[in-house]
Amino acid sequence: MATVWSGCSTSCGSFGQELPLRGNRRGNATRFRPRNGVRCRGDACLQVKAPKPTMVTAGVCVCKAAPCVLESEVAGKEDARVGVWGADAEVYGADGFDGGKMRGPHRRPVRQPAVVEKREDSARNASSPRASQRESKSEYGRSRLHFLEERDEETLSKRMIKLSQSNKIRSATELFDSMRASGLQPSAHACNSLLACFVRQSSLRDAMKIFEFMKGKGMATGHTYTLILKTVASTDGYLSALQMFHEIQEEEDSKKMVDVIVYNTMISACGRAKDWRQVDKLWRSLEENSLNGTLMTYDLLVSTFVQCGQSELAIAAYQEMLLKRLEPSEDIMKAIIATCTKEGNWEFALTTFSRMLSACMKPNIILLNSMINALGKAGQDELAFRMYHMLTSSGLKPDQYTWSALLSALYRSGRYWDTLKLFQGIKAKHPSVLNDHLYNIALMSCERLGQWEHGLQLLWMMEKSGLKISAVSYNHVIRACEVACKPKVALKVYHRMTHQGCSPDTFTLLSIIRACIWGSLWNEVEDILQVLLSFLLFYFVVLDKNN
């Protein structure tokens with residue numbers, strides 16, 4: 001049987017009734033002397049007025065007619081029905097039946113006390129704008145009060161902590177109410193444990209009641225505000241939690257208890273909602289209140305700003321973190337490198353990458369590809385290939401993104417022949433990674449060099465491998481023919497393009513017209529001009545419909 005509270009929870013006047021007659025050894029009917037004020041003399045009993053139960057809180061009665069004890073051990077599953085201890089230390093059920101083993105004074109069955117609604121003025125004047133909406137009845141039913149033989153507040157608070165940590169929420173609540181009814185005050189740690197228990201059970205109403213009690217008694221700590229704000233954010237949304245946070249800051253007593261952990265809770269709530277403006281305001285407010293951010297603070301700031309595309313704020317938070325001599329985590333540095341490479345700030349990305357290596361952090365292939373791509377776009381092809389050698393020496397295998405970044409680095413540096421050589425090496429050693437993007441980079445190099453023969457060979461290889469050739473690929477070859485003054489070859493490529501069902505675009509038509517003009521192919525120019533005019537007419541009709 002689960003450990004229960006050996007308490008007395010009765011309705012008013014349940015002990016003021018006569019006990020039933022019981023025969024003695026001589027066969028005479030006698031009455032036992034009850035403990036609640038009934039005095040017996042022979043066969044006559046005088047009814048003495050029983051003490052009235054004391055009303056201590058809204059909707060709860062407590063009886064002090066007999067001593068009740070609270071067991072110290074908490075084990076097993078919590079029992080919803082609370083048993084009553086008899087005079088001979090035998091446990092009776094909540095219905096008063098003992099299985100025919102009763103040998104002492106009879107105690108009537110426990111009845112659930114009537115609930116009396118009584119609202120305090122302090123609850124109505126709560127600081128939260130939603131306090132009036134949370135005045136409804138507890139989600140865990142009516143609470144029973146118990147007479148506590150143990151009067152030590154520290155001992156009872158430890159019991160409440162143990163009950164709350166075990167998620168015995170009903171027992172913990174009854175102990176909390178019984179302590180208040182007895183004039184005993186639980187410790188702040190015990191109240192926070194009970195509050196955390198309500199938070200785990202997603203019971204915002206009961207959590208708010210505990211919070212208002214702690215706030216009224218001046219027991220609220222930073223952990224208290226963290227718990228309640230986190231609960232409000234997950235239940236009512238981050239805007240409600242933000243409004244509550246501002247109200248707490250306006251109160252002088254509560255403002256002193258707001259620490260950096262409370263700020264981290266709000267930054268996290270706003271960050272999950274992608275509201276980077278509120279995150280920025282909280283960051284500034286943290287500085288105005290002379291609070292130093294922790295490693296978790298800057299983790300949240302950098303990750304939020306990076307996810308929202310605010311690279312400048314992310315870098316500013318990272319730099320402030322370094323000024324305060326906080327060692328950034330691997331996730332922070334990866335996020336900074338990602339946002340710097342995206343924005344083209346390769347120098348700061350390279351500095352952060354060097355710091356990452358100094359901290360003995362091993363970069364992954366995604367990070368190395370990002371660095372190679374950023375360095376390649378900046379024309380730093382030598383640094384890009386150093387990153388490539390670091391990738392291979394780390395035991396990582398280059399993929400399509402690696403080769404694409406290296407080819408782009410060579411092309412942007414004007415090393416067109418080296419681009420074609422690297423492409424041939426990739427085709428020979430890693431043919432499975434070839435795609436249309438890698439072919440297009442090689443075709444752009446052919447266009448720059450006027451290598452129309454090599455361009456035609458690459459087109460034939462693309463068709464043979466089953467890759468879908470786009471108009472961009474044909475345009476590069478036609479442009480290579482134009483550079484090499486090969487208008488007839490350009491016309492053949494153009495006809496092959498239309499035969500394959502690939503529609504030419506404006507760049508295709510303009511390039512083929514220029515090549516035909518240089519070759520004095522006027523009939524072909526006239527035909528292509530008609531196609532160009534039809535194309536332009538169709539374009540303007542579509543544009544007019546859209547407008």
Side-chain angles (χ1 to χ4, degrees), residues 299 302-303 305-312 314-315 318 328-445 458 462 465 467-468 470 472-473:
D299 269 335
V302 172
S303 61
F305 292 142
V306 169
Q307 290 176 7
C308 296
Q310 302 298 319
S311 59
E312 294 182 359
I315 294 175
Y318 174 75
S329 63
E330 183 177 354
D331 292 335
I332 288 181
M333 287 191 281
K334 286 182 178 179
I336 290 297
I337 293 174
T339 188
C340 287
T341 53
K342 185 178 180 180
E343 297 294 331
N345 191 356
W346 66 271
E347 294 179 348
F348 196 85
L350 189 61
T351 303
T352 307
F353 184 81
S354 300
R355 180 183 292 274
M356 186 176 178
L357 295 179
S358 301
C360 299
M361 299 178 184
K362 186 177 180 181
N364 54 20
I365 190 171
I366 298 176
L367 186 63
L368 288 170
N369 286 343
S370 179
M371 287 299 304
I372 294 173
N373 187 38
L375 294 171
K377 288 181 178 179
Q380 302 294 325
D381 54 298
E382 294 183 1
L383 291 176
F385 274 90
R386 287 184 185 179
M387 290 291 172
Y388 166 72
H389 291 306
M390 183 183 297
L391 186 150
T392 55
S393 62
S394 301
L396 300 174
K397 294 182 178 180
D399 54 10
Q400 293 178 348
Y401 301 99
T402 309
W403 299 121
S404 176
L406 290 174
L407 288 173
S408 298
L410 292 174
Y411 178 80
R412 289 177 180 273
S413 299
R415 299 169 58 178
Y416 305 123
W417 284 113
D418 292 334
T419 304
L420 294 176
K421 290 179 181 179
L422 178 60
F423 180 83
Q424 292 297 330
I426 297 171
K427 184 172 69 68
K429 296 181 180 180
H430 309 281
S432 60
V433 301
L434 292 178
N435 55 17
D436 56 344
H437 182 66
L438 298 180
Y439 273 102
N440 284 335
I441 297 175
L443 288 173
M444 286 191 297
S445 298
L458 291 176
M462 291 180 72
S465 59
L467 294 175
K468 184 179 181 181
S470 63
V472 176
S473 301

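Atoms considered below: every heavy atom in the structure, side chains included; atoms not considered: hydrogens, waters and symmetry mates.
A pairwise comparison of heavy atoms in A384 and I372 identifies O-CG1, 3.7 Å as the closest pair. Of all heavy-atom pairs between G376 and A409, the closest is CA-CB, 3.4 Å.
Between atom OG1 of residue T351 and atom CZ of residue R355 there is a gap of 9.0 Å, rounded to the nearest 0.5 Å. Separating the NZ atom in K397 from the CD1 atom in I365 is a distance of 10.5 Å, to the nearest 0.5 Å. Rounding to the nearest 0.5 Å gives a distance of 11.5 Å between CG of L350 and OG1 of T341. Between the CD1 atom in I332 and the OH atom in Y318 there is a gap of 8.5 Å [rounded to 0.5 Å]. Taken from CD in Q380 to CZ in R412, the straight-line distance is 13.0 Å, to the nearest 0.5 Å. Atoms CG and CE, on L357 and M333 in that order, are 9.0 Å from each other to the nearest 0.5 Å.
Counting only residues at least two apart or in different chains, salt bridge (Lys or Arg N to Asp or Glu O under 4.0 Å) contacts with residues 366-386 comprise D381-R415. Every pair tested for salt bridge (Lys or Arg N to Asp or Glu O under 4.0 Å) that includes a residue from residues 359-376 fails, sequence neighbours excluded, so the list is empty.
Ring geometry, Y388 versus W403: the interplanar angle falls from 30° to 60°, so the pair is classed tilted.
Side-chain contact check for D331 and S303: no donor-acceptor pair (N or O, by modelled atom type) lies under 3.5 Å.
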Verdict with reasoning, Y439 to L467, per side chain to side chain contact (heavy atoms under 4.5 Å, CB included): CA-CA 10 Å; Y439 273 102; L467 294 175; 3.6 Å; yes
D399 vs T402, side-chain hydrogen bond (donor to acceptor under 3.5 Å, both in side chains): CA-CA, chis, key distance, verdict: CA-CA 5 Å; D399 54 10; T402 309; 2.8 Å; yes
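Proximity of T419 to L422: side-chain heavy atoms (C-beta onward) are nowhere separated by under 4.5 Å. Two residues are said to be in side-chain contact when any heavy atoms from C-beta on lie closer than 4.5 Å; T352 and C340 fail this criterion. Side-chain contact check for M361 versus K334: every heavy-atom pair is 4.5 Å or farther apart. I426 places a side-chain heavy atom less than 4.5 Å from the side chain of L407. Residues F348 and F353 are not in side-chain contact: their nearest non-hydrogen atoms beyond the backbone lie 4.5 Å or more apart. A 4.5 Å side-chain heavy-atom check between S311 and V306 finds every atom pair outside the cut-off. Side-chain contact between I366 and S370 is absent, with no heavy-atom pair separated by less than 4.5 Å. You'll find the side chain of S470 stays beyond 4.5 Å of the side chain of D436, heavy atoms only.
Side chain of T339 to backbone of I336: no donor-acceptor contact under 3.5 angstrom is found. In terms of modelled atom types and a separation under 3.5 Å, the side chain of S465 and the main chain of M462 share a donor-acceptor contact. Put simply, the side chain of S404 never gets that close to the backbone of Q400: no donor and acceptor are under 3.5 Å apart.
Here W346 pairs with nothing under the ring pair (Phe, Tyr, Trp, His ring centres under 6.0 Å) rule; sequence neighbours left out.
Considering L420, L410, L458, D418 in turn, L420 is the only one that fulfils the side chain to side chain contact (heavy atoms under 4.5 Å, CB included) rule with S445.
Dense packing is recorded around CD of E330, with more than 12 heavy atoms of other residues, nucleotides or ligands lying under 6.0 Å away. Heavy atoms from other residues, nucleotides or ligands lying under 6.0 Å from OH of Y416 number more than 12.
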